[in-house]
Amino acid sequence: MPELPEVETTRRGIAPHVEGRRVARVLVRQRQLRWPVSEAIWKEWPGEIINRVGRRAKYLLLHSDSGTALVHLGMSGSMRVLEAPQPPGAHDHVDIVMQGGPVLRYTDPRRFGAILWTTGPVEQHKLIRHLGPEPLGPDFDGALLFALSRGRSAAVKNFIMDARVVVGVGNIYASEALYRAGISPVRAAGRVSRQRYEVLAEAIRSVLSSAIKAGGTTLRDFVGGEGRPGYFRQELDVYDREGELCHRCGESVRRRVIGQRSSFYCPACQR
DNA sequence: ATGCGGACCTGTTAGC
DNA sequence: TGCTAACAGGTCCGCA
């Protein structure tokens with residue numbers, strides 16, 4: 001699924017096509033996603049102008065005067081712009097038809113995503129309010145990671161994937177950032193020094209920024225807002241490279257399950 | 001408060 | 001070739 005770079009790629013891809021345009025109608029073919037698609041999505045949204053496409057964590061926020069659509073892509077979702085009509089495939093659950101023609105098509109085979117409507121301040125929404133800082137924003141740094149990690153016995157990989165600590169770091173980029181920082185993914189979060197958290201915070205920022213530049217990572221089926229795959233896969237150092245050679249030292253990359261998720265690391269470079 | 005496991009759902013691939 | 005099991009980019013929730 002889309003982690004932060006893929007969601008940001010989607011945001012940048014769709015924004016120019018929908019900002020300032022009016023929603024003509026919304027077609028919901030499959031209402032049952034992680035939660036049922038909000039009724040307001042097809043009852044209240046049509047007629048509204050999408051003023052701005054924002055993002056908080058992995059949520060896309062389509063702002064209108066009377067409310068905001070929250071879109072989450074789950075594990076397997078994508079949202080892209082169709083300039084010309086195309087017949088829907090099996091997992092094309094929702095079409096947002098814009099006045100003048102373009103269609104925002106939401107696709108999600110596993111249906112772990114969500115499309116919800118909210119009025120009132122988005123930052124107070126139940127799914128948003130508990131979230132930690134944006135990793136590319138001003139409130140995230142090594143000092144924060146250090147402070148929040150004291151006394152915590154959980155693996156540092158799980159710690160940086162905890163959205164209350166920092167948002168947007170998913171399974172791919174957690175492994176990649178820990179590799180760049182030279183920290184073992186299984187090390188207890190509370191046993192990483194302040195100095196090493198500074199390095200890790202910078203590694204998280206750099207890997208996410210580079211992935212955004214590449215249009216995200218496509219492992220199997222991700223496409224961005226313009227329908228194109230992301231090219232960061234070529235730049236991955238460890239993720240999905242079990243048995244292949246470490247780009248830095250030549251040791252073979254290992255896979256290990258941590259917190260029920262596959263993790264990849266170099267046993268020589270990461271301590 | 002923290003940490004863990006289960007839940008949601010479908011598709012692809014590895015292994016027998 | 002065909003069946004089965006494992007695994008996949010997320011994250012909420014309930015329990016210990």
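Throughout, protein chains are lettered first and strands after them, A, B, ... in sequence-line order, and every chain is numbered starting at 1. Below, each value reflects all heavy atoms present in this structure, side chains not excepted, and no hydrogens, waters or symmetry copies.
What separates CG of Leu127(A) from C1' of dT11(C) is a distance of 10 Å, to the nearest Å. For the pair Ile258(A) CD1 and dG5(B) C1', the computed distance is 16 Å after rounding to whole Å. For the pair Arg111(A) CZ and dT11(C) P, the computed distance is 19 Å after rounding to whole Å. The separation between Trp35(A) atom CH2 and dG10(C) atom P is 14 Å, rounded to whole Å. Rounded to whole Å, atom C1' of dT11(C) lies 16 Å from atom CD1 of Ile172(A). Here the P atom of nucleotide dC8(B) and the CZ atom of Arg31(A) are 19 Å apart, to the nearest Å. A straight line from CG of Leu73(A) to P of dG10(C) spans 11 Å, rounded to a whole angstrom. Going from atom CG of Asn158(A) over to atom C1' of dT11(C) covers 13 Å, rounded to whole Å.
For Ala154(A), whose side chain is taken as the heavy atoms from C-beta onward, the closest listed nucleotide among dG3(B), dT10(B), dG10(C) is dG3(B). Here the nucleotide nearest the side chain of Tyr239(A), chosen from dT10(B), dA8(C), dG10(C), is dA8(C).
A close approach under 4.0 Å does occur between a side-chain nitrogen or oxygen of His130(A) and OP1 or OP2 of dC12(C). For Lys126(A), a side-chain nitrogen or oxygen approaches OP1 or OP2 of dC13(C) to under 4.0 Å. His72(A) has a side-chain polar atom (N or O) that falls below the 4.0 Å cut-off from OP1 or OP2 of dT11(C). Within the 4.0 Å cut-off from OP1 or OP2 of dG10(C), not a single side-chain nitrogen or oxygen of Ser76(A) is found. The shortest distance between the side-chain N/O atoms of Arg152(A) and the OP1/OP2 oxygens of dG3(B) is below 4.0 Å.
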Between the protein and nucleotides 12-16 of chain B, which nitrogen or oxygen pairs come in under 3.5 angstrom?
none

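Both Ser262(A) and Ala163(A) lie near DNA chain C, and the one whose nearest nucleotide falls closer to the 5' end is Ser262(A). In terms of position on DNA chain B, the residue among Gly259(A) and Leu33(A) whose nearest nucleotide sits closer to the 5' end is Gly259(A). Mapped onto DNA chain B by nearest heavy atom, Ala90(A) and Ser153(A) fall at different nucleotides, with Ser153(A) at the one closer to the 5' end.
Looking at heavy-atom distances under 4.0 Å, Tyr59(A) makes contact with sugar-phosphate atoms alone, never a base. Within the 4.0 angstrom heavy-atom criterion, base atoms lie near Asp221(A). Within 4.0 Å (heavy atoms only), Arg233(A) reaches no atom of the nucleic acid at all. Among the heavy atoms of the strands lying under 4.0 Å from Gln260(A) is at least one base atom, whether or not backbone atoms are also near.
If you check distances only, the side chain of Arg110(A) does reach the base of dC9(B) with a donor-acceptor pair under 3.5 Å.
At a threshold of 4.5 Å between non-hydrogen side-chain atoms, the residues Tyr265(A) and Val186(A) do not count as touching.
The neighbour count for Glu123(A) CD, taken as heavy atoms of other residues, nucleotides or ligands under 6.0 Å away, is above 12.
A side-chain contact (heavy atoms from CB on, under 4.5 Å) with Lys58(A) is found for exactly one of Glu6(A), Glu8(A), His72(A), namely His72(A).
A donor-acceptor contact shorter than 3.5 Å links the side chain of Asn171(A) to the backbone of Ser262(A). A donor-acceptor pair under 3.5 Å links the side-chain atoms of Glu176(A) to the main chain of Val238(A), judged by distance alone.
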Taking distance alone, no hydrogens or angles, what donor-acceptor pairs closer than 3.5 Å link side-chain atoms of residues 77-84 of chain A to residues at least two apart or in another chain?
from     : atom 1 : to        : atom 2 : distance (Å)
Arg80(A) : NH1    : Thr107(A) : OG1    : 3.4
Glu83(A) : OE2    : His17(A)  : ND1    : 2.7

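When the P atom is used for both dA6(C) and dG6(B), the distance is 14 Å, rounded to whole Å. Rounded to whole Å, the P atom of dT1(C) lies 22 Å from the corresponding atom of dG11(B).
A 3.5 Å limit on both hydrogen-bonding distances identifies dT4(C) as the Watson-Crick or G-U partner of dA14(B).
Classified by interplanar angle (parallel below 30°, tilted 30° to 60°, perpendicular above 60°), the ring pair Trp117(A)/Trp45(A) is tilted.
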Check the pair Asp237(A), Arg248(A) against salt bridge (Lys or Arg N to Asp or Glu O under 4.0 Å), reporting the backbone distance first and the verdict last.
CA-CA 9 Å; Asp237(A) 284 312; Arg248(A) 196 181 295 150; over 6 Å; no
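A distance cut-off of 5.5 Å between ring centres, combined with a plane angle under 30°, places Phe112(A) in a stacking arrangement with the base of dC8(B).
Counting only N and O atoms by type, the side chains of His63(A) and Arg52(A) include a donor and acceptor under 3.5 Å apart.
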